[in-house]
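Structure record follows, encoded as structure tokens.
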Amino acid sequence: GAIAMSIFVAGARREGLLAMIATAGAAGLHRLTADIVLRARPSPDLLEVAHQLPIHSSFTAGHVQNVTSFFGFLCYLLCTRTAPSWRRTLLLHLLVFAIVGMGVSRVHFGEHWPSDVLGGYLLGALWLLVVIEIDEWLEGRAARRPKFKSSAQVTSNPLRPIVARR
């Protein structure tokens, strides 16, 4: 939330709002999916589990789904709103590393089955595509919106002297 809010406060209002939607929508989709599927988490009887999580079902991996959607949207913003540079490349690599690392860690610590993580990646990517489509639709809509003339353009109207002579 803090990153999305920082983007919003920095003046990129649409991007900040869509980053919040990427996160909130992925979380809502995860909650809905988890409540429908009701899959049990890995049991310490079957494999080594670092933390036994008593909370809701295992499918999908919510952290993976959220980070895929949110960090994926940040990758999209970096690719579409910033010029190529070593800083951009570094940030993209760090974000992708975090996305991949989240899934690996959830399986490694026994908190999710690999299929839960795969489901998290797929649903997170699906929601990411929806948010990107919304951004592109809004971008196209903004480009088609008529622009208002500034006061300088209004005063330099070539018809003004004709109207003033009457």
Side-chain angles (χ1 to χ4, degrees), residues 1-140:
I3 295 172
M5 188 56 103
S6 297
I7 294 169
F8 185 85
V9 170
R13 302 248 190 267
R14 185 179 76 232
E15 291 84 353
L17 183 62
L18 286 170
M20 291 178 215
I21 290 171
T23 303
L29 185 60
H30 162 69
R31 190 71 215 171
L32 177 68
T33 306
D35 288 345
I36 291 170
V37 176
L38 296 174
R39 181 173 181 183
R41 289 183 178 273
S43 167
D45 299 334
L46 298 173
L47 52 99
E48 186 176 329
V49 175
H51 322 95
Q52 184 64 33
L53 300 174
I55 57 175
H56 60 82
S57 71
S58 181
F59 188 86
T60 60
H63 285 87
V64 174
Q65 190 169 327
N66 289 339
V67 81
T68 299
S69 180
F70 180 63
F71 283 8
F73 188 70
L74 294 180
C75 288
Y76 165 76
L77 290 179
L78 282 170
C79 289
T80 60
R81 307 294 202 278
T82 62
S85 69
W86 69 267
R87 287 184 180 101
R88 181 178 95 166
T89 302
L90 177 64
L91 279 172
L92 287 169
H93 281 90
L94 289 173
L95 289 168
V96 170
F97 179 77
I99 292 168
V100 172
M102 180 63 74
V104 171
S105 72
R106 304 314 276 179
V107 173
H108 175 75
F109 290 116
E111 295 171 354
H112 288 282
W113 300 107
S115 57
D116 302 335
V117 170
L118 180 61
Y121 282 131
L122 291 175
L123 285 176
L126 177 68
W127 184 247
L128 170 61
L129 291 175
V130 169
V131 175
I132 289 171
E133 280 298 315
I134 292 169
D135 181 60
E136 290 179 355
W137 178 76
L138 290 172
E139 183 75 23

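Remember, predicted model here, so these are calculated numbers, not experimental data.
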Indicate every side-chain donor-acceptor pair of residues 118-131 with a distance under 3.5 Å to a residue at least two apart or in another chain.
from: Y121; atom 1: OH; to: I99; atom 2: O; distance (Å): 2.9
from: Y121; atom 1: OH; to: V100; atom 2: O; distance (Å): 3.1
from: Y121; atom 1: OH; to: G103; atom 2: N; distance (Å): 3.3
from: W127; atom 1: NE1; to: I21; atom 2: O; distance (Å): 3.2
from: W127; atom 1: NE1; to: A22; atom 2: O; distance (Å): 3.4

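- Judged purely by atom type and a 3.5 angstrom limit, S69 has no side-chain atom pairing as donor or acceptor with the backbone of Q65.
- To the nearest 0.5 Å, the span separating CD1 on I134 from CG on L138 amounts to 7.5 Å.
- Nearest heavy-atom pair across I7 and G16 is CG2-N, 3.5 Å.
- The salt bridge (charged side-chain N to carboxylate O under 4.0 Å, His left out) pairs that include a residue from residues 3-14 are R14-D135, R14-E139, where partners are two or more places apart or lie in different chains.
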Full working for side-chain contact (heavy atoms from CB on, under 4.5 Å) between R106 and D116: CA-CA 9 Å; R106 304 314 276 179; D116 302 335; over 6 Å; no

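- Across all their heavy atoms, V96 and C75 have their closest contact at CG2-SG, 4.3 Å.
- The two residues L78 and R88 have their closest heavy-atom pair at O-CD, 3.2 Å.
- Under the rule for a side chain to side chain contact (heavy atoms under 4.5 Å, CB included), the partners of S105 that lie at least two apart in sequence or sit in another chain are M102, F109.
- Atoms CZ and OG1, on F71 and T23 in that order, are 9.0 Å from each other to the nearest 0.5 Å.
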Dump the intermediate steps for ring-ring contact (aromatic ring centres under 6.0 Å, His included) on F73 and Y76, then the final yes or no. CA-CA 5 Å; F73 188 70; Y76 165 76; 5.7 Å; yes

